[in-house]
Structure formats: structure tokens, C-alpha cells
Amino acid sequence: MKVGYKLATESFGPGELIRQAVRAEQAGFDFVEMSDHFHPWLDNQGHSPFTWTVLGAIAVKTERIGLVTGVTCPTVRYHPAIIAQAAATLALVCDGRFTLGVGSGERLNEHVIGPGFAGSVRVRHEMLREALEIIRSLWRGGYRSYEGKHLRLEDARVFDLPEQLPLIPVAAGGAAAARIAAELGDGLFATEPKSELVRHYREAGGSGPCYAEVPMAWAADEHTAAKAVLETSRWAVTGWKVMSELPNPANFDAATTTVREEDILEQFACGPDPARYVEAAQGYVDAGFDHLVMQNAGPDPDGFIDFYQRELDHRIRALKPS
């Protein structure tokens, strides 16, 4: 079991994210995971720094902790050649501690460059396959070209390659993406405790680590924790079909006006009781995930890190499938 800490790039500026990463290393987390967005989900979250710059700074401020993108879309806002180069460079800067999590993206971030975001999930998956093929090709060294249905590469080479290339877990919300993770990736990434995702991945030949984000919100009392989630993270209860399609924070604000505190409590472990957090993590362990990301949406990141170190670390690491 590996346990990670989610750096909420939508809620904090770059300096604070770097500080939290250092604290996470001190608290014993195995890795930190960062989303790679252009916009926050809601305007009142107030932040969305460039993930790759922040990761580079974290790399030189830490010594042991792993760095993971959770996840980067290498098809629209970025060309996969740029991600191949960025990931290789970061792996060198952090001495092999980097893992490149990738996925097919959300309209929220990918529409901003103009050409648009593919409306069909099938097309997005086709593009993700091509992107992974391009990244793998460039990581083999030498000059490479690629002519795909959606993506092209012309006479390109990544000159600085690490001896140990980053692993590439692939985000999946269904069977098709899980098969891509097995065929072209090195692991699986998910946000829901669905055992069928892990099953599809394993049946397609996947044998790598399985990452999942566990929603939680620490505060001294349950109401304060749930209220914080309701204010800044209520978008998380909408489900992937909504999260992947809306174009701007204003749309997420409008789509979540009816979310209640009860809805938050159904999906998030909230408050000061360690048993609730362990129960939430157990669901992901039972589904087959072995890399759990503690995704705290509470109002006090330092309080959560202290709580994790004091109350949760030993309990969560001891979890086994029921």
C-alpha cells in the first residue's frame, strides 16, 4: 500500500502548494499528486497555477517523496511531444521520483486553446491512444515521426532522457479507458471505488499500480468540514459525465446550486473521527486499489496533515481487502 497527498491546485497558489508538499514529505506520505488544469472548478477556489512549474520547484525542495500528475491530458492543450519532453526533464530533476498520470481530459481545461474539445468519448480515447504512442516513441530515443488519425509528429527528438523512464498510469472511468491503461499504460488511475475498473484493467493484461483519490475533509467538527466542501468542492459530487463536459467554473457553479450538505456527507469522510476515513479508504482497497490519494477538501491543510500523521497513517497502511 502506498499513500499520497493531493495538492489542490485549484485552491492554493504555487508557494503554498510547495510548502504543503514539503510538509507531506515530513509527515511520511509516499507521494504527492497534482491535477493539471487551466481553470479551477469554481471561481471561488481562486487558483490554478501551472502544474509543471510547481512540480519542478517541489522536486528541488524535497528529497524522497514521489511526484505524480493526476492527471495530465496530452492531446489538446498540450501536444504529446511537449509532455514527453516535460516528463523526461522532470524525471531527471527529481532523480526518478516522477510518475506521469494521463487521461482524456475535461472540456474545462482543453477548450481554452480554440480548436475545441472532442464531443465523442470514442474520439477522445482515439486521441489518447495516439498520444501515448507518440510519448512512448519519443522515449525510445532518436528522431521520430508519427502520422495518426488525430495527431502528428514530425522529425522530433527528446534529447534528455532519464535512464529510468516515468511510469504512465492512465485514468479510466469505464472499460474502454481501462483497456487503454492496460495496453499502453503502466497503471490505472480512478476517482471512484469501482472494482469493475480494476477488473477490466487486470483482464486486459494490466499489472501495474492502481491509483485512486479518496474524498475527505478534515475539521474539528463534521459540519465545518462539510460546509467547506460545499463552498469549494461540491463539483466533486456531480460525476464524471458532468465533470468532463462543462466548459467554465460558472457552469459548475450553476450545475451544483442544489447540492446539499447531506450530499457531501454521503461522498466525503468529514470531521474528526478517524474511523470514517478508514472506512472510506477500505472501500477503495476492497475495489482493488493499492495507491490511495488522501484528497482533503477541508479548510485546514495543516490540521489534516497532522491528523493523518497522528491518526490515519498506520491504520490505512494496514488495510487489506475485506
Colleague: Determine yes or no for a side-chain-to-main-chain donor-acceptor pair under 3.5 angstrom, with Asp30 supplying the side chain and Val3 the backbone.
Modeller: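 Yes, because the side chain of Asp30 sits within donor-acceptor range (under 3.5 Å) of the backbone of Val3.
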Colleague: Should Leu55 and Ile82 be counted in the same cluster of Ile, Leu, Val, Met, Phe, Trp and Tyr side chains packed under 4.5 Å apart?
Modeller: no
Colleague: Do Phe12 and Pro301 make a side-chain contact, defined as non-hydrogen atoms from C-beta onward lying under 4.5 Å apart?
Modeller: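 They are in contact (side-chain heavy atoms under 4.5 Å apart), so the answer is yes.
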Colleague: When you group the ILVMFWY residues by side-chain heavy-atom contacts below 4.5 Å and let the links chain together, are Ile316 and Val293 in the same group?
Modeller: no
Colleague: Measure the OG1-CG distance between Thr232 and Asp43 for me, rounded to the nearest 0.5 Å.
Modeller: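 Interatomic distance, Thr232 OG1 to Asp43 CG, rounded to 0.5 Å: 13.0 Å.
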Colleague: Does a side-chain N-to-carboxylate-O contact under 4.0 Å join Asp95 and Arg64?
Modeller: no
Colleague: Under the rule for ring pair (Phe, Tyr, Trp, His ring centres under 6.0 Å), what residues qualify as partners of Phe252, not counting sequence neighbours?
Modeller: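 With sequence neighbours excluded, Phe252 shows a ring pair (Phe, Tyr, Trp, His ring centres under 6.0 Å) to Trp41, given in chain and number order.
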Colleague: Check this for me: does any side-chain nitrogen of one of Arg179 and Glu183 sit under 4.0 Å from a carboxylate oxygen of the other?
Modeller: no
Colleague: Can you check whether Tyr277 reaches Trp218 side chain to side chain, under 4.5 Å on heavy atoms?
Modeller: yes
Colleague: Check for a donor-acceptor pair, side chain of Arg124 on one end and backbone N or O of Ala118 on the other, with a separation under 3.5 Å.
Modeller: yes
Colleague: State, to 0.1 Å, how close Trp240 and Gly105 come at their nearest heavy-atom pair, and which atoms those are.
Modeller: CZ2-O, 3.8 Å
Colleague: Could I get the full list of side chain to side chain donor-acceptor pair (under 3.5 Å) partners for Thr62, not counting sequence neighbours?
Modeller: Arg97
Colleague: Show the numbers, then the answer: is there a salt bridge (charged side-chain N to carboxylate O under 4.0 Å, His left out) between Glu245 and Lys241?
Modeller: CA-CA 7 Å; Glu245 295 299 340; Lys241 288 186 177 181; over 6 Å; no
Colleague: So, does Thr69 use its side chain to make a donor-acceptor pair with the main chain of Gly101 at under 3.5 Å?
Modeller: yes
Colleague: Could you check Tyr5 against Gln20 for side chain to side chain donor-acceptor pair (under 3.5 Å), going step by step and ending with a plain yes or no?
Modeller: CA-CA 9 Å; Tyr5 176 77; Gln20 287 183 30; 2.7 Å; yes
Colleague: If you measure from SG on Cys210 to NZ on Lys2, what distance do you get to the nearest 0.5 Å?
Modeller: 15.0 Å
Colleague: How long is the gap from CG on Asp300 to OG1 on Thr224, to the nearest 0.5 Å?
Modeller: 11.0 Å
Colleague: Would you say Asn296 and Pro215 make side-chain contact, with heavy atoms under 4.5 Å?
Modeller: no
Colleague: Test ring pair (Phe, Tyr, Trp, His ring centres under 6.0 Å) on Trp52 and Phe98 and set out the steps.
Modeller: CA-CA 11 Å; Trp52 293 88; Phe98 178 58; 5.6 Å; yes
Colleague: Can you find a heavy atom in the side chain of His47 that is under 4.5 Å from one in the side chain of Thr9?
Modeller: no
Colleague: So, does Arg157 use its side chain to make a donor-acceptor pair with the main chain of Leu138 at under 3.5 Å?
Modeller: no
Colleague: Using 0.5 Å steps for rounding, measure from the CE atom of Met216 to the CZ atom of Phe304.
Modeller: 5.0 Å
Colleague: Charged N to carboxylate O under 4.0 angstrom, Arg317 versus Asp313?
Modeller: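 The answer is yes: the pair qualifies as a salt bridge.
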Colleague: Donor-acceptor pair, Asp186 side chain versus Gly208 backbone, under 3.5 Å?
Modeller: no
Colleague: Kindly assign one of parallel, tilted or perpendicular to the pair Tyr308 and Phe29, based on the angle between their ring planes and the thresholds 30° and 60°.
Modeller: parallel
Colleague: Which distance, rounded to the nearest 0.5 Å, do you find between the CG of Asn251 and the CG of Leu246?
Modeller: 5.5 Å
Colleague: Do you reckon Leu7 sits in the same ILVMFWY cluster as Ile65, going by side-chain contacts under 4.5 Å, direct or chained?
Modeller: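 Same hydrophobic cluster.
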Colleague: Taking only Lys NZ, Arg NE, NH1 and NH2, and the carboxylate oxygens of Asp or Glu, determine whether Glu222 and Arg276 approach each other closer than 4.0 Å.
Modeller: yes
Colleague: Is it true that atom CD of Glu262 has more than 12 heavy atoms of other residues, nucleotides or ligands lying nearer than 6.0 Å?
Modeller: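 Counting neighbours around CD of Glu262, more than 12 heavy atoms of other residues, nucleotides or ligands fall under 6.0 Å, so yes.
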Colleague: If you compare all heavy atoms of Val198 against all heavy atoms of Ala287, which two are closest, and at what distance to 0.1 Å?
Modeller: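 Taking every non-hydrogen atom into account, CG2-O, 3.3 Å.
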Colleague: Can you check side chain to side chain contact (heavy atoms under 4.5 Å, CB included) on Val170 and Leu188, steps first, answer last?
Modeller: CA-CA 5 Å; Val170 178; Leu188 180 72; over 6 Å; no
Colleague: Under the side chain to side chain contact (heavy atoms under 4.5 Å, CB included) criterion, do Met294 and Val214 qualify, and how do the steps go?
Modeller: CA-CA 5 Å; Met294 307 293 101; Val214 185; 4.2 Å; yes
Colleague: Is there a donor-acceptor pair under 3.5 Å between the side chain of Ser145 and the backbone N or O of Asp155?
Modeller: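 Looks like yes, one N/O pair under 3.5 Å.
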Colleague: If the plane angle is over 60° it's perpendicular, under 30° parallel, otherwise tilted; pick one for Tyr211 and Phe189.
Modeller: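 If you compare the ring of Tyr211 with that of Phe189, the planes turn out parallel.
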Colleague: Test of understanding: clusters of I, L, V, M, F, W, Y form through side-chain heavy atoms closer than 4.5 Å, transitively. Do Val237 and Val229 belong to the same one?
Modeller: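 As far as the 4.5 Å side-chain criterion goes, Val229 and Val237 are connected within one cluster.
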Colleague: Could you tell me whether Lys6 and Glu213 have a side-chain N and a carboxylate O separated by less than 4.0 Å?
Modeller: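 Salt bridge present between Lys6 and Glu213.
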Colleague: Hey, is Glu311 close enough to Arg315 for a salt bridge, meaning N to O under 4.0 Å?
Modeller: yes
Colleague: Should Val112 and His39 be marked as a side chain to side chain contact (heavy atoms under 4.5 Å, CB included) after you check the CA-CA gap, both sets of side-chain angles, and the distance that decides it?
Modeller: CA-CA 9 Å; Val112 299; His39 290 144; 3.6 Å; yes
Colleague: Specify the closest pair of heavy atoms between Pro193 and Gly283, including all atoms of both residues, with the distance to one decimal.
Modeller: CB-O, 3.9 Å
Colleague: Assess the side chains of Gln282 and Asp286: does a donor N or O sit below 3.5 Å from an acceptor N or O?
Modeller: yes
Colleague: If you group Ile, Leu, Val, Met, Phe, Trp and Tyr by side-chain heavy-atom gaps below 4.5 Å, do Phe31 and Leu90 land in one group?
Modeller: no
Colleague: Would you name the heavy atoms of Pro166 and Ala91 that are closest together and state the gap between them?
Modeller: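 The answer is CG-CB, 3.9 Å.
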Colleague: To the closest 0.5 Å, what do you measure between OG1 (Thr75) and CZ (Arg129)?
Modeller: 14.0 Å
Colleague: Looking at every non-hydrogen atom in both residues, tell me the closest pair between Gly103 and Pro74 and how far apart they are.
Modeller: O-CD, 3.5 Å
Colleague: Ignoring hydrogens and angles, tell me if any N or O in the side chain of Asp306 forms a donor-acceptor pair with the backbone of Gly303 under 3.5 Å.
Modeller: no
Colleague: Under 4.5 Å between any side-chain heavy atoms of Pro272 and Phe307, yes or no?
Modeller: no
Colleague: Which residues, ordered by chain and number, are linked to Leu167 in its hydrophobic cluster, where ILVMFWY side chains connect at heavy-atom gaps below 4.5 Å, directly or through other members?
Modeller: none
Colleague: Please determine if Asp302 and Arg23 form a salt bridge, counting it only when a charged side-chain N lies under 4.0 Å from a carboxylate O.
Modeller: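 Salt bridge present between Asp302 and Arg23.
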Colleague: Between Arg107 (side chain) and His111 (backbone), is there a donor-acceptor pair under 3.5 Å?
Modeller: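 Pair absent, no side-chain N/O of Arg107 close to backbone of His111.
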Colleague: Closer than 3.5 angstrom, by distance alone: can the side chain of Glu130 be matched with the main-chain N or O of Lys149 as a donor-acceptor pair?
Modeller: yes
Colleague: Is there a side-chain contact between Leu17 and Pro49 in this structure, where contact means two heavy atoms from C-beta onward sitting under 4.5 Å apart?
Modeller: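 Heavy-atom side-chain distance check passes, below 4.5 Å.
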Colleague: Do the non-hydrogen side-chain atoms of Arg77 and Asn109 ever get within less than 4.5 Å of each other?
Modeller: yes
Colleague: Between Ser137 and Glu133 (side chain of the first, backbone of the second, donor and acceptor by atom type, cut-off under 3.5 Å), is there such a pair?
Modeller: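 No; judged by distance alone, with no hydrogens or angles, the pair does not exist.
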Colleague: For the residue pair Ala88 and Val158, what are the closest heavy atoms and their distance?
Modeller: CB-CG1, 4.2 Å
Colleague: Taking the side chain as C-beta and beyond, is there a heavy-atom pair between Arg234 and Leu42 under 4.5 Å?
Modeller: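 Yes, at least one pair of side-chain atoms sits under 4.5 Å.
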Colleague: Give the C-alpha distance, both sets of side-chain angles, the deciding distance and a yes or no for side chain to side chain contact (heavy atoms under 4.5 Å, CB included) between Glu261 and His223.
Modeller: CA-CA 8 Å; Glu261 186 171 317; His223 171 70; 3.1 Å; yes
